[in-house]
> 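Shown below is the structure under consideration.
Proteins get letters first, then strands, A, B, ... in listed order; numbering begins at 1 in each.
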2 protein chains.
Amino acid sequence: MARPNRATKPNTIDAVAEAAGVSTMTVSRVMRGKDNVSDRTRDRVLETARKLGYIHNRLASSLASSRSEQIAVIIPSLRNSVFPEVLAGITDTLDGTGFQAVIGVTDYDLERERDLVVSMMSWRPAGMIITNSTHHEEVDRILTAANFPIVEVMELTGSPIDMCVGLDHFAAGRTMAQHLIGRGYRRFGYLGTDHETDRAAATRFAGFEKSLSENDRSIEAVLTVKEPSGIGLGRNNMRSLLAMSSDLDVVYFSNDAVAAGAMMYCMAEGIAVPGDIALASFSGLEIAGAMPTPITTVSSPRYNMGTTSADLILARVEGRATKTITEAKFELSIGAST
Amino acid sequence: MARPNRATKPNTIDAVAEAAGVSTMTVSRVMRGKDNVSDRTRDRVLETARKLGYIHNRLASSLASSRSEQIAVIIPSLRNSVFPEVLAGITDTLDGTGFQAVIGVTDYDLERERDLVVSMMSWRPAGMIITNSTHHEEVDRILTAANFPIVEVMELTGSPIDMCVGLDHFAAGRTMAQHLIGRGYRRFGYLGTDHETDRAAATRFAGFEKSLSENDRSIEAVLTVKEPSGIGLGRNNMRSLLAMSSDLDVVYFSNDAVAAGAMMYCMAEGIAVPGDIALASFSGLEIAGAMPTPITTVSSPRYNMGTTSADLILARVEGRATKTITEAKFELSIGAST
DNA sequence: GTGAAAGCGCTAACAC
DNA sequence: GTGTTAGCGCTTTCAC
């Protein structure tokens, strides 16, 4: 840009400074809400800026101060309502702080996650919130070396990159198994999403299975389907699961959306729940409780995990020490489906 | 901290340039994928950058080139699955282009929308996608003066700020009214979200009502509820609506989530659909089709509106001319609930 | 194909 | 309280 800079450019603090008859620095202070400016000067600057339609340039600001106000958020999907709910917790918490969430969606693809992390880092974010705790190895390497706060959210892990806000999914699976065993169910089935992509569901399944085996029970029919998690998955695959074993008395699902779909299949087919078969799940989505026969599930505090993650990032940005590992608590919600 | 002894800062193109034995400019060209660099030089630079763990600084890049790769996206809510779906269309389209979505959530608050727009603009985005077509007056003013492409998505409007990708919600309401009239229904009820906040629903309602009145019919019971749109709204308020008029034979809902909740209420109460009462709605969510009695609805191409919006922005950024107004087509999906 | 110089618009650090 | 001086890390322009 070897251009002579004669006339002051519009939409810069220089233009505002000139029009208000103060120095660039004074405008800069006003724009950033610093208090070491007299009220008279501040009002004049603000008024001038408004008249000129000036909008502060955070690109230049961040570069000069090496301080950004963007928080990178990486989630696997927007179609599974669980993640938008976490995101809502994050954006609600960030609201009014001057920080903004920049979101990236991996579609459960670790390569894509790696690319996104690199791409996000090129904006020099103030922090990062990343879903789940299994990453591309390069991501682990890059983030371990990064110099901003990082929260891994959803799954509890003992060895986070930096901080972790998550649920013990293994325990969630166990809890449901124990509930079902206590109810006297003996013939178990499982229907869910693909365990390669949905690691948290896989962990719940492992906890569920472990608890069964400790009680001399096992799962007779397991069906995991490589299609997006949702009502459709349950609605369309329940028939196949039931065909795998003739006398299941209870089915555990990877999450409430799948369970709700299966429940609809049962209603449509005249299969009584829990009379003919009981259904149990995980999530605590609105739909689980709204069904004519509310579904027994383990509720996870999705929104709260979002707010907690954002709070931890903010605390760290402001120099406050924060807890490294925060365990989110789940809750067994006993419906009428078991 | 292992730091190089030289004056050159780590993690800058200067550091890479020095290590690779080329000039800053050459590294810059390589990082941006310019082709006027010899293959040998390019490989050497890339290898050096990789070894140094260098990550390009887009803050500095955008400032120097006054060219950003962020697309601001402003939506009312993350809890109504309609918006995450639009967002999914946007992020999927942006994927691989180098552009990223920066999202802001207004919570249906116009003041908050104004603040968000200003905040977003301070990042000098390459474009903006904003939901709905009714804005804070200041937003209209600011965006009209803005020098980047803007898409207003969801509602069709004849006078967009810049571009528009939307549905004719009035026509969607009419279409459903005509279907119901054709089916012979005579006593209409309506249950939905607050019309002050959900403008699109209000427009559908207006179209619905207009069509009824043109056919000498009217709505006997209208209940709009100031709570977040969702299954719960329908589940919890259907009883009240039915109590308002003793012999409704059909109810129209503001969207499928509400309709699904009402359907669950009916199932729980043993009210036959469509025997005792018919239900009709708008959205085309998965849940509407998955119910034991699929709900008659008008499907809107949410995901496609997202992809189209992003495509328009990208086209404009690349200097291609684009259509200003794009009408998205809806489709009547006749279920078994009418 | 490559490099040197001059900014992009702002803020840190210090002076007054 | 307010102004001055140097950059932040990159890209533009133009020279070779």
> Closest-nucleotide mapping onto DNA chain C: is B:Ser38 or B:Ala60 further toward the 5' terminus? I mean the 5' end.
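Nearest-nucleotide comparison on DNA chain C picks B:Ser38.
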> Does a side-chain N or O of B:Ser61 approach OP1 or OP2 of D:dC10 to a distance below 4.0 Å, or not?
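Result: no.
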> Whole Å only: how far is the CE atom of A:Met31 from the P atom of C:dT11?
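Interatomic distance, CE of A:Met31 to P of C:dT11: 9 Å.
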> Can you figure out which of D:dT2, D:dT11, D:dC10 approaches the side chain of B:Ser28 most closely?
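That would be D:dT11.
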> Show, in sequence, the C-alpha distance, side-chain angles and deciding distance for A:Ile325 and A:Leu156, and conclude whether the side-chain contact (heavy atoms from CB on, under 4.5 Å) test is met.
CA-CA 8 Å; A:Ile325 299 180; A:Leu156 192 67; 3.8 Å; yes
> When you match B:Ile55 and A:Asp39 each to their closest nucleotide on DNA chain D, which lands nearer the 5' end?
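Between the two, 5'-proximity favours A:Asp39.
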> Indicate, with a heavy-atom threshold strictly under 4.0 Å, whether A:Thr41 touches base, sugar-phosphate, or nothing.
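Sugar-phosphate, backbone atoms only, no base.
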> Considering only C:dG3, D:dC10, C:dG9, which nucleotide approaches the side chain of B:Thr26 most closely?
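Between C:dG3, D:dC10, C:dG9, the one nearest the side chain of B:Thr26 would be C:dG3.
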> Keeping A:Asp109 on the side-chain end and A:Glu111 on the backbone end, is there a donor-acceptor pair under 3.5 Å?
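It does hold such a pair.
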> Please state how far atom CZ in B:Arg32 lies from atom P in D:dT13, giving the value in whole angstrom units.
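One finds 11 Å between P of D:dT13 and CZ of B:Arg32, rounded.
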> Checking A:Thr41 side chain against A:Val37 main chain: does a donor-acceptor pair fall under 3.5 Å?
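Looks like no, no N/O pair under 3.5 Å.
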> In whole Å, what is the span from the CG atom of B:Asn36 to the P atom of D:dT11?
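Value for this atom pair: 13 Å.
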> D:dC10 phosphate, OP1 or OP2: any side-chain N/O from B:Ser65 under 4.0 angstrom?
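So the side-chain polar atoms of B:Ser65 never come under 4.0 Å of the phosphate oxygens OP1 or OP2 of D:dC10.
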> Quickly work out the A:Arg67 CZ to D:dC8 P distance and round it to whole Å.
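One finds 15 Å between P of D:dC8 and CZ of A:Arg67, rounded.
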> Is any N or O donor-acceptor pair between the side chain of B:Arg29 and the base of C:dG3 shorter than 3.5 Å?
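When only heavy-atom distances are counted, B:Arg29 does reach the base of C:dG3 through a donor-acceptor pair under 3.5 Å.
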> What's the closest nucleotide to the side chain of B:Ala64 if the choices are C:dG7, C:dC10, D:dT4?
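Given the options C:dG7, C:dC10, D:dT4, the side chain of B:Ala64 is closest to C:dG7.
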> Rounded to the nearest Å, what distance is computed from the CE atom of residue A:Met25 to the P atom of nucleotide C:dC10?
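It is 12 Å, rounded to the nearest whole Å.
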> For B:Trp123 and C:dC8, give me the distance from atom CH2 to atom P, rounded to whole Å.
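Computing the B:Trp123:CH2 to C:dC8:P distance gives 20 Å.
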> So, B:Arg29 and B:Asp35, do they make that salt bridge, N to O below 4.0 Å?
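Looking at B:Asp35 together with B:Arg29, the answer is no, because their closest N to O distance does not fall below 4.0 Å.
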> Please report, rounded to the nearest Å, how far the C1' atom of D:dT2 is from the NZ atom of A:Lys34.
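Spelled out: NZ on A:Lys34 to C1' on D:dT2 is 15 Å.
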> Find out whether A:Leu59 and A:Trp123 are in side-chain contact, i.e. whether some heavy atom of one side chain is under 4.5 Å from a heavy atom of the other.
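Result yes, sub-4.5 Å side-chain heavy-atom pair found.
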> From the options D:dT11, D:dT2, C:dA4, select the nucleotide whose nearest atom is closest to the side chain of B:Ser23.
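Ranking D:dT11, D:dT2, C:dA4 by closest atom to the B:Ser23 side chain puts C:dA4 first.
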> Considering only D:dG3, D:dC8, D:dT11, which nucleotide approaches the side chain of A:Leu63 most closely?
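Side chain of A:Leu63 sits closest to D:dC8.
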> If you assign each of A:Val27 and B:Asp35 to its closest nucleotide in DNA chain C, which residue comes earlier from the 5' end?
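Result: B:Asp35.
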> Please determine if a side-chain N or O atom of A:Arg44 lies less than 4.0 Å away from the OP1 or OP2 oxygen of D:dT2.
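So the side chain of A:Arg44 is outside the cut-off, no N or O lying under 4.0 Å from OP1 or OP2 of D:dT2.
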> side-chain contact (heavy atoms from CB on, under 4.5 Å) between B:Arg44 and B:Val22: does it pass, once the steps are laid out?
CA-CA 9 Å; B:Arg44 186 150 36 96; B:Val22 295; 3.9 Å; yes
> Has A:Thr24 got a side-chain N or O lying under 4.0 Å from the OP1 or OP2 atom of C:dC10?
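Result: no.
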> To the nearest Å, give me how far apart CG (A:Asp43) and P (D:dT2) are.
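In whole Å, D:dT2 P lies 11 Å from A:Asp43 CG.
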> Measure from the side chain of B:Asn57, starting at C-beta and using heavy atoms only, and say which of C:dC10, D:dT2, D:dG9 lies closest.
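For the B:Asn57 side chain, the nearest candidate turns out to be D:dG9.
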